[in-house]
Amino acid sequence: MEALIEKLNDFNQLCEYFFMIEYYDRMAARHELDDEFSKIDERKLYLERIDNIYKKYGVNSLNLMASIIEEDINIAQLSTSFDLCRNIILIMNSKFYSLPVFKELYKNIIVGGMYNPNWNIGVSGEPFFMLLPIAPEFYETNLMVYKNPKLDWKILSNEMDSFMCFVFRYLNSKSDQEKEYYFKIINIALESTTIDLFSHDRYKSETKKVKYCNYTSIEEQIEKIPDLNIKQLIKNRL
């Protein structure tokens, strides 16, 4: 599986390099590049890095790279792995989430329970369960994660209350389907043994269990929410 993880990591590196090239192109088009960056020619540097990875695998496109990854998936014996989960989460939150090879890998990881819902995956300290893909085709798969008894709702997401993040996502939903999805997550969270509506204790992350003892409780935060459905849910939980 190490070879698969290496390829996934290189794929994500390629995506990052292409993103930076697009960024510098936009900056140049708006004449917002200063002399220092123009001299260093960052764009050329990223093109060289892309070329090096392509040469490593004998390909010349991201789609061909995805095909090589698919071959590895077909022969790899998947198991629980932080690096595997981190890489697939990065991909599932990019424009490449729609490629069948990555869809299937993501679903296999979740259905197979090859993850820790609390892993500190995000660059800003977000736990795994806060970074799941939000496309409707993954809703049912994602709900399996939120039903995982190991999921700890006391873990903050970029120093924000994880539970309240979903409340706000529910309130700002753009469709009835999305609203229903977040309502289900809120319901699941309220049934969890790790949630305490009155507690002021939170943790920065699973790996850095720095306790915040004066964090505003969920009950206090909900008081400011006008949505009657949410208030009723909380009332039922009490």
Side-chain angles (χ1 to χ4, degrees), residues 1-2 4-27 32-33 37 40 42-43 45-50 52-53 56 62 65-66 69 78 80-99 101-103 105-107 109-110 114-135 138-139 141-142 145-146 148 150-169 172 182 185 189 194 202-212 215:
M1 197 173 72
E2 291 181 5
L4 170 61
I5 292 173
E6 181 180 1
K7 290 180 177 66
L8 287 169
N9 186 65
D10 284 340
F11 185 91
N12 278 315
Q13 285 291 325
L14 285 169
C15 292
E16 180 182 342
Y17 297 154
F18 276 117
F19 172 83
M20 293 306 300
I21 288 173
E22 292 172 1
Y23 167 78
Y24 283 112
D25 285 348
R26 289 194 301 271
M27 293 284 284
E32 294 178 4
L33 285 175
F37 277 110
I40 296 175
E42 294 284 329
R43 190 180 191 280
L45 176 63
Y46 286 115
L47 283 171
E48 290 175 352
R49 291 175 178 175
I50 289 169
N52 288 336
I53 294 179
K56 178 178 177 180
L62 284 166
M65 186 72 185
I69 291 173
L78 301 180
T80 302
S81 165
F82 175 89
D83 289 328
L84 178 65
C85 290
R86 178 181 60 81
N87 275 291
I88 195 59
I89 285 295
L90 285 173
I91 292 172
M92 297 309 291
N93 282 284
S94 75
K95 62 183 179 181
F96 296 99
Y97 80 90
S98 60
L99 292 179
V101 57
F102 298 130
K103 287 182 184 181
L105 178 56
Y106 173 71
K107 289 180 179 179
I109 288 172
I110 301 305
M114 295 176 283
Y115 66 96
N116 179 333
N118 306 316
W119 269 336
N120 186 6
I121 294 284
V123 294
S124 298
E126 301 91 339
F128 180 91
F129 68 87
M130 291 299 299
L131 297 173
L132 307 186
I134 58 173
F138 302 114
Y139 283 176
T141 303
N142 293 351
V145 176
Y146 299 116
N148 191 316
K150 295 180 181 178
L151 192 153
D152 191 344
W153 288 100
K154 295 187 296 295
I155 294 175
L156 297 174
S157 176
N158 195 15
E159 301 195 359
M160 294 180 64
D161 192 299
S162 296
F163 175 81
M164 291 305 300
C165 284
F166 286 108
V167 171
F168 291 123
R169 290 181 188 182
N172 295 313
Y182 287 123
I185 295 173
T194 67
R202 296 292 186 277
Y203 295 105
K204 186 171 184 179
S205 72
E206 187 212 29
T207 54
K208 295 180 180 179
K209 286 212 167 178
V210 178
K211 183 180 283 190
Y212 294 80
Y215 204 89

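Numbering of residues begins at 1 and proceeds along the displayed sequence. Bear in mind the structure is a predicted one, so any value in this text is a computation, not a measurement.
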For this session: I would like to know whether N93 and L132 meet side-chain contact (heavy atoms from CB on, under 4.5 Å); could you show each step before the answer?
Result: CA-CA 8 Å; N93 282 284; L132 307 186; over 6 Å; no

Exercise. Quick check: does any side chain N or O of N142 sit under 3.5 Å from a backbone N or O of P133, one acting as donor and the other as acceptor?
Worked result: yes

Seminar exercise, completed: Rounded to the nearest 0.5 Å, the CG atom of L99 sits from the CE atom of M92 at a distance of 9.5 Å

For this session: Take atom CD of E2 as the centre, draw a 6.0 Å sphere, and report whether it contains more than 12 heavy atoms from other residues, nucleotides or ligands.
Result: no

Exercise. Relative to each other, are the rings of Y46 and Y17 parallel, tilted or perpendicular (30° and 60° limits)?
Worked result: tilted

Problem set entry | Test log, rule side-chain contact (heavy atoms from CB on, under 4.5 Å), inputs I121 and E126 | CA-CA 6 Å; I121 294 284; E126 301 91 339; over 6 Å; no

Seminar exercise, completed: Rounding to 0.5 Å, atoms OG (S81) and CE (M114) come to a distance of 10.0 Å

Problem set entry | Nearest heavy atoms of L151 and V145, plus distance in Å | CD1-O, 3.6 Å

Exercise. Do you know which two heavy atoms are closest between M130 and R169, and how far apart they sit?
Worked result: O-NH2, 3.5 Å

For this session: Mind listing the closest non-hydrogen atom pair of F166 and F129 along with its distance?
Result: CZ-O, 4.0 Å

For this session: May I ask you to check whether F138 and Y106 place their ring centers less than 6.0 Å from one another?
Result: yes

Exercise. Is atom CD1 of I134 surrounded by more than 12 heavy atoms (other residues, nucleotides or ligands) closer than 6.0 Å?
Worked result: no

Exercise. What orientation do Y146 and W153 show, parallel under 30°, tilted 30 to 60°, or perpendicular over 60°?
Worked result: parallel

Exercise. N9 and D83: side-chain contact (heavy atoms from CB on, under 4.5 Å), yes or no, with the steps?
Worked result: CA-CA 8 Å; N9 186 65; D83 289 328; over 6 Å; no

Exercise. If we only count heavy atoms from C-beta on, is the L8 to F102 side-chain gap below 4.5 Å?
Worked result: yes

Exercise. How many angstroms lie between CG in N116 and SG in C85, if you round to the nearest 0.5 Å?
Worked result: 8.5 Å

For this session: Kindly compute the distance separating CD1 (I88) from CG (L105), expressed to the nearest 0.5 Å.
Result: 4.0 Å

Problem set entry | Whether Y215 side chain and K154 backbone form a donor-acceptor pair below 3.5 Å | no

For this session: Please lay out, stage by stage, how F128 and Y115 fare under the test ring pair (Phe, Tyr, Trp, His ring centres under 6.0 Å).
Result: CA-CA 9 Å; F128 180 91; Y115 66 96; 5.3 Å; yes

For this session: Search all heavy atoms of I110 against all heavy atoms of T141 and return the closest pair with its distance.
Result: CG2-O, 3.5 Å

Problem set entry | D152-N118 side chain donor-acceptor pair, cut-off 3.5 Å | no

Exercise. Would you say S157 and P127 make side-chain contact, with heavy atoms under 4.5 Å?
Worked result: yes

For this session: Could you please spell out the steps behind the side-chain contact (heavy atoms from CB on, under 4.5 Å) verdict for M65 and D10?
Result: CA-CA 9 Å; M65 186 72 185; D10 284 340; 4.0 Å; yes

Exercise. Are more than 12 heavy atoms from other residues, nucleotides or ligands located less than 6.0 Å from atom CZ of F82?
Worked result: yes

Exercise. Going from CZ on R86 to CG on N12, what distance comes out if it is rounded to the nearest 0.5 angstrom?
Worked result: 7.5 Å

Exercise. If you round to the nearest 0.5 Å, how far is OG1 of T80 from CD1 of I109?
Worked result: 9.5 Å

Exercise. For atom NZ of K150, is the number of surrounding heavy atoms from other residues, nucleotides or ligands below 6.0 Å larger than 12?
Worked result: no

For this session: Kindly say whether M160 contributes a backbone atom to a donor-acceptor pair with the side chain of N158 at under 3.5 angstrom?
Result: no

